[in-house]
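Computed over heavy atoms, backbone and side chain alike; hydrogens, waters and symmetry mates excluded. This structure is a prediction, so every number in the text was calculated from the model and none was measured. So you know, we letter chains A, B, ... as the sequences are listed, proteins then strands, and number each from 1.
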2 protein chains.
Amino acid sequence: MGGAQGTAGRTAAGDSARTQAVRDTAARLFGAAGYAGTTMNDIADAVGLLPGSLYHHFASKEQIAAELLTAFGTALTDVATAAAAHPPEPGAHAEQRVRQLAADVMALSFAHAAAVRLRAFEPPTVATARLREAMQLPTTGLERAWRDAVDGLRPAREGGADPALLRFALQQATLDASGSYRPDRDPRELAGHLCDVLLHGVAVACPPDADLDASAASRAAVEALAGWRTQEPPGGPRDRDTIVAAARTEFARRGYDATTVRDIAAAAGVRMGTLYRRVESKEALLREVLGRYSGHLADAVTAVLAAGSGEVETLDALARVFVHASRRFEAESCIVRYGWSGREAATSPFHDYYLETQERLRALEDLLARGVADGRLSTVPDMAWHIRSVLWLPFHQHARTGTARAHAFLRAALLRGALRG
Amino acid sequence: MGGAQGTAGRTAAGDSARTQAVRDTAARLFGAAGYAGTTMNDIADAVGLLPGSLYHHFASKEQIAAELLTAFGTALTDVATAAAAHPPEPGAHAEQRVRQLAADVMALSFAHAAAVRLRAFEPPTVATARLREAMQLPTTGLERAWRDAVDGLRPAREGGADPALLRFALQQATLDASGSYRPDRDPRELAGHLCDVLLHGVAVACPPDADLDASAASRAAVEALAGWRTQEPPGGPRDRDTIVAAARTEFARRGYDATTVRDIAAAAGVRMGTLYRRVESKEALLREVLGRYSGHLADAVTAVLAAGSGEVETLDALARVFVHASRRFEAESCIVRYGWSGREAATSPFHDYYLETQERLRALEDLLARGVADGRLSTVPDMAWHIRSVLWLPFHQHARTGTARAHAFLRAALLRGALRG
DNA sequence: GTCTATATATCGATAGAC
DNA sequence: GTCTATCGATATATAGAC
């Protein structure tokens, strides 16, 4: 197995060419704009039909999405089954097995980008019961495959990368890859470079923990993190901030698109009239939530970069920042994850946030370039993208993983390399 | 109790005037055009709102209908409870009790015409589960009230009117009255005249059964009924007649509006293309079904009227005809029952059939007028309407009632009077 | 298999009554 | 200042016809 997993993975025997065209078009649009963000009208326009005619091919919008998810699940099971067919062997082959699995899964993630988007980037509350069921991919086989593959690696040294977190990172990053990388890249090459980063690390020589903890960048990070803790006291019950806080919670639960102004008003305990007296629009609420979030992030990142430490120490401090950010701003992480679609459109309320993340990515690229230039960092193609996707992994979602353990893993894997001795 | 049961029966405390206006308007339109025949757009137009604005007042179209049905059920229970409060006494008061109950129920039927229409004249298949549940009126109390009232009447002579069928006729005719009479009549007067007809009969002197059976009208009726039995042999499987027969069955099951052309094609075992090759339109199918039906009815009625018997014998023969028609053309009876709304519109596919029923009603009126003129029939206001509603009662729906027993009941009640000695 | 017409329903936003 | 009732736009879906 392994190889090409093109649109063939989504075809169903016996379907007419037009039915297939509808499915493919829907997949493209779902992948780009999400389920709620894609209307039957959009699909019909793109295919060249009238909206009602779609219902000759599919019983409902939901059914199209469910079929895409099912096809993805089937393909994943096939990959896991093929991986299980070759029992793991310790030693030299082990790394190759991990790389093979990463490449296979990442290829699937790209081939089924719509399903990935639906499963991982769509808030569960917008989906009906049937669609939620289809979102539950059969990942037990895949988890077993990752466990076998990672267990085959040379046992970690004392203080090395936590194998459980390594499994988690590899599985999560490869499965959701199509949401983290640009679609024109080769997923198998990306998988290889991601493995380079996680298994071998990017620091040519890495200082001991004590030195990293004592760096100026680290101290700047810790200080910025302390600033995040300042919680504004909740004002009066009908205060504007109360509404913003309610919007934040609701956006995180349902996603921006699926959250109605009525939801927010109900959660804030006010009526529509009051809400619209306090805030301009639903979009303004999102901009405010994202603005505060991005401001906090920018403060911390700027402080770390300005501390003047070496590139390795700076990268370590950034890891500390992002690990804490995933926790402290879990709601905002959900919001941007769900709302990531259409981010590039200038009219999108996510656009400003998107631009700021692009700025931070460029700053990271500059940092890495300096590190490569002065010989402190090894180089890998698209290194900034890989590092960003690893820094943003939701480690806190993995059972009992606190920020300290997550940060320790990032040091061990990202800087020193999970396989390095 | 008893008295006025105007729109007050449908009001709900705490509703705004507009909400009440929406409910009342919906009731009016549902009563006139049925559930499927009334759109939210129609209601909104009539109230002076946009369709979407209706959803501020009611969660769904279904909810409006369910509230109307519930209000009708509550009012019926109140009537039954009030009737039970006065235990029945044998003797002179008994007839008055029956008349009181008939008047009360018929008044409710008129005040809740929309609910009556929804419950009795709407095919169950168009309703959702929740609406079907609301259609199940709490009639056990009412049945008990009718049993008590009718049992209080003087026991029937040997060969007199069957008390069970008398209960059935009174309950059915009063409950569905708003579907059988014009809405501008006073329901309490109508109830009184209906009781006159059923309890005292319209024949001044009624010949014995043997003479009725031997009349020329009776022989003409029996001969016409035999003609109905000629079943056209079902042609080829894709024959036009096969499609017409399938349409007849489907229309009866779901009602004309709710039956789709796809339903008919599936039932006939043909594809849409074949169907449209054989028949002109869905409407043409209905016209053909109703045309055959009306033709058979007209043949029988014309033959009976042309037999030249006396008015009493002729009426008895007509009773025979309609009792058999309810059975032989049960499907058609359902179809016209469900499709009765909008019958007066010239564009309605039911219009032709409606005109023919009007003709038959006029013929019945002429017959009755002759009978009154020559002293053979007693006179009651709107007599033809009452007789028609009794002749069309679906006796076969009452447990184990065959045509012979139903015809015997009509002779005993309609001609001789259930109470006459 | 597709079109045209139209159904029920939702949602962001706002005007105006209280 | 607050909230109710409304609009305008648009969503998903169905059905007759060809």
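Salt-bridge annotation for A:Arg278 and A:Asp239: absent, with no side-chain N of the basic residue lying under 4.0 Å from a carboxylate O of the acidic one.
With sequence neighbours excluded, the residues satisfying side chain to side chain donor-acceptor pair (under 3.5 Å) with A:Glu288 are A:Arg240, A:Arg292. Partners of B:Tyr276 according to the ring pair (Phe, Tyr, Trp, His ring centres under 6.0 Å) rule, which considers only residues two or more places apart in sequence or in another chain, do not exist here. By the salt bridge (Lys or Arg N to Asp or Glu O under 4.0 Å) test, B:Glu133 pairs with no residue at all, sequence neighbours left out. For B:Asp263, the salt bridge (Lys or Arg N to Asp or Glu O under 4.0 Å) test picks out B:Arg254, with sequence neighbours left out.
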Summary of protein contacts for nucleotides 10-15 of chain D, nucleotide by nucleotide, where a base hit scores B, a sugar-phosphate-only hit scores S (4.0 Å, heavy atoms) = -SSBBS

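Mapping heavy-atom proximity under 4.0 Å, the span of DNA chain C touched by chain B runs 5' to 3' from C:dT2 to C:dT10.
Look at CZ on A:Arg271: it is 4 Å from P on D:dT4, rounded to the nearest Å.
Scanning both residues, A:Ala46 and A:Thr25, for their nearest heavy atoms gives CB-CG2, 3.4 Å. Across all their heavy atoms, B:Ile243 and B:Leu285 have their closest contact at CG2-CD2, 4.1 Å.
Under a 3.5 Å cut-off, the side chain of B:Thr38 and the backbone N or O of B:Ala33 do not form any donor-acceptor pair.
Place A:Gly273 and A:His56 on DNA chain C by their nearest nucleotides, and A:His56 ends up nearer the 5' end. Comparing B:Tyr276 and B:Arg18 by the nucleotide of DNA chain D whose heavy atom lies nearest to each, the residue mapping closer to the 5' end is B:Arg18. Of the two residues near DNA chain D, B:Met272 and A:Met272, the one whose nearest nucleotide lies more 5' is A:Met272.
Within the nucleic acid shown, B:Leu54 has no heavy atom closer than 4.0 Å to any nucleic acid atom.
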